[in-house]
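Written out below as structure tokens is the structure these notes cover.
Note that ligands are numbered from 1 as they come in the structure, with each ligand's atoms numbered from 1 the same way. Fair warning: this is a prediction, and the values are worked out from it, not measured in the lab. The basis for the numbers below is simple: all heavy atoms, side chains too, and nothing from hydrogens, waters or symmetry mates.
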Amino acid sequence: MSLTTFAPLLQPTQLRPYGLPTYHTVADAIADYDGDDQIYALFPRRIERTARIFLSGFPGQILYAVKANPHASLIKILWEEGVTQFDVASLREIELVQGIAPAAKLFLMHPIKSRKTIEVAYAKGVREFSFDHADELQKILVCTGEAADLSLHLRIALPKRDTAMPLGGKFGATFDEAVALLRSARPIAEKLGLCFHVGSQCLDVQSYDAAMAYARRVLDSAGVAIDSLDVGGGFPVAYPDMPIAPMSDYFDAIRSSLSLHGFDGLTILGEPGRALCAEGGATLVRVELRKNNNLYLNDGTYGSLFDAGQFAWKFPVELHRARPPAPTANTIGFRFFGPTCDSADVMKGPFHLPADTCEGDWIEVGHLGAYGQTLATQFNGFYSDHTVAILED
Ligand SMILES: *Cc1c(COP(=O)(O)O)cnc(C)c1O
């Protein structure tokens, strides 16, 4: 029996360094695939590089927001790179991370949890919980047997600002609620903190300052001392047509705002999801048919291209064609259609690809290491379990 079911392109001792079929290039992974589905690619070197940028640059501790990409290999790469704390939302995410990194410190940052989730999470060693309502605080207290070792993080809703994906409106205490909740939580919590989320893909560096200024006003009104401030996720990724400031601008702005608003000396936390892993992953899709400038693909809005469909985001694209003739140099804009029979399964782009793109070509859709594979459904029987690692060496 052979070790693997794919043709080994690396030396046997190096076969699965990431627990995945591993190749030197995307083209190698495509050449070795005879399945019919999209292929999910992880780029370990990019993930490691981004982890180091956050670990060395962010002015506090990093929690990886697992929902962005819960792939076990990615979590393992982050863990080995030194990301030891994780923002989880569910029992399954807790079990997933503990199965890979039993020593990881977990923060259950979903403001609304079932009683069972709280009970089991506490039994599994979780001590960090978020809440945004008095009833949730009560649930946490009851379901942990009135534990004396709780770190509680009050999620506050932020005043409205521009963001690509606002996360307000669903979670977070209002100003007055927050003042009351800080006072009632203080005697209960061993450690008490504030947390917020400026909205995913936050393009305005100043959003973090505005949030911290607001948090300061809440705290001053409450007259309650806290131990930690969690500035959440929201760090952006440079998708095409969405230029971003360098991550160091975000880190510098957060660092100076922490001082400006009197948060020096607190434990500072950040919860990057998207920015930590988006560039570390891609989906490789195949063209099944071309009609004019429309490409019908084997992945779409119900798969890993949800944001391309739902929000009309453009992702970087690159053509891979193994056989001659080589693709033409001039490019045109294409619209994508996914494989399901739903007419909503369309991604309008435009995605710029060689003008002679045709059936059988593969397209590498980049920056999909976050909110890609994890959003994919099995609608209409279209999905893929095939994930590979690309070394790019
Ligand atoms: C989704 C989420 C994150 C990660 O957000 P990104 O925008 O992907 O960085 C962090 N914290 C919480 C509470 C979240 O729900």
Checklist entry - Taking atom NZ of Lys191 and atom CG of Leu152, what is their separation to the nearest 0.5 Å? => result 11.5 Å
Item to check | Electrostatic pair Arg127:Glu190 at N-O distance under 4.0 angstrom | outcome: no
Checklist entry - Is Ala275 in contact with ligand 1, taking contact as a heavy-atom separation below 4.0 Å? => result no
Next on the checklist: Heavy-atom distances under 4.0 Å decide this one: backbone, side chain, both or neither, for Ala65 against ligand 1?
Outcome noted: side chain
Checklist outcome for this item: So for His197 against ligand 1, with non-hydrogen atoms under 4.0 Å, the contacting part is side chain
Distance-only donor-acceptor pairs under 3.5 Å for side chains of residues 260-270, two or more places apart:
| residue | atom | partner | partner atom | Å |
| --- | --- | --- | --- | --- |
| His261 | NE2 | Asp209 | OD1 | 2.9 |
| Asp264 | OD1 | Ser259 | OG | 3.3 |
| Asp264 | OD2 | Ser259 | OG | 2.9 |

Next on the checklist: I'd like to know if Phe171 contacts ligand 1, where contact means a heavy-atom distance under 4.0 Å to any ligand atom.
Outcome noted: no
Checklist entry - Counting from 1, what ligand 1 atoms have a heavy atom of Tyr371 closer than 4.0 Å? => result 1 (C), 4 (C), 5 (O), 6 (P), 8 (O)
Checklist entry - Near Ser200, which atoms of ligand 1 are under 4.0 Å from a heavy atom of that residue? => result 6 (P), 7 (O), 8 (O)
Next on the checklist: Could you tell me, atom by atom, which parts of ligand 1 come under 4.0 Å of a heavy atom of Arg274?
Outcome noted: 6 (P), 8 (O), 9 (O)
Checklist entry - Which one holds for Leu276 and ligand 1: side chain close, backbone close, both close, or neither close, with close meaning a heavy atom under 4.0 Å? => result neither
Checklist entry - Which atoms from ligand 1 have a heavy atom of Asp87 less than 4.0 Å away? => result 10 (C), 11 (N), 12 (C), 13 (C)
Checklist entry - Can you find an N or O of Gln201 that's nearer than 3.5 Å to an N or O of ligand 1? => result no
Item to check | Joint cluster assignment, Leu182 & Leu150, ILVMFWY side-chain distance < 4.5 Å | outcome: yes
Checklist entry - Where the closest heavy atom to atom 2 (C) of ligand 1 is concerned, which of Lys170, Glu271, Lys67 has it? => result Lys67
Next on the checklist: Is His110 close enough to touch ligand 1? Criterion: a residue heavy atom under 4.0 Å from a ligand atom.
Outcome noted: no
Next on the checklist: With respect to Gly273, determine whether any N or O atom, backbone or side chain, lies less than 3.5 Å from an N or O atom of ligand 1.
Outcome noted: yes
Item to check | Residue Gly233 vicinity, atoms of ligand 1 by number, heavy atom under 4.0 Å | outcome: 5 (O), 9 (O), 10 (C)
Checklist entry - Going through the distances and angles, do Gln38 and Ser304 end up as a side-chain hydrogen bond (donor to acceptor under 3.5 Å, both in side chains)? => result CA-CA 9 Å; Gln38 67 273 46; Ser304 66; 5.3 Å; no
Checklist entry - Is any side-chain heavy atom of Gln373 less than 4.5 Å from a side-chain heavy atom of Thr283? => result no
Checklist entry - Do any N/O atoms on Arg155 end up under 3.5 angstrom from N/O atoms on ligand 1? => result no
Item to check | side chain to side chain contact (heavy atoms under 4.5 Å, CB included) partner of Val66, the single match among Leu78, Leu74, Asp87, Leu96 | outcome: Leu96
Checklist outcome for this item: The single option from His153, His110, His197 that satisfies ring pair (Phe, Tyr, Trp, His ring centres under 6.0 Å) with Phe171 is His110
Checklist entry - Is Arg92 salt-bridged to Glu95, going by a charged N under 4.0 Å from an acidic O? => result no
Checklist entry - Which pairs pass salt bridge (Lys or Arg N to Asp or Glu O under 4.0 Å) with one or both residues in residues 219-235, sequence neighbours excluded? => result Arg186-Asp227, Arg216-Asp220
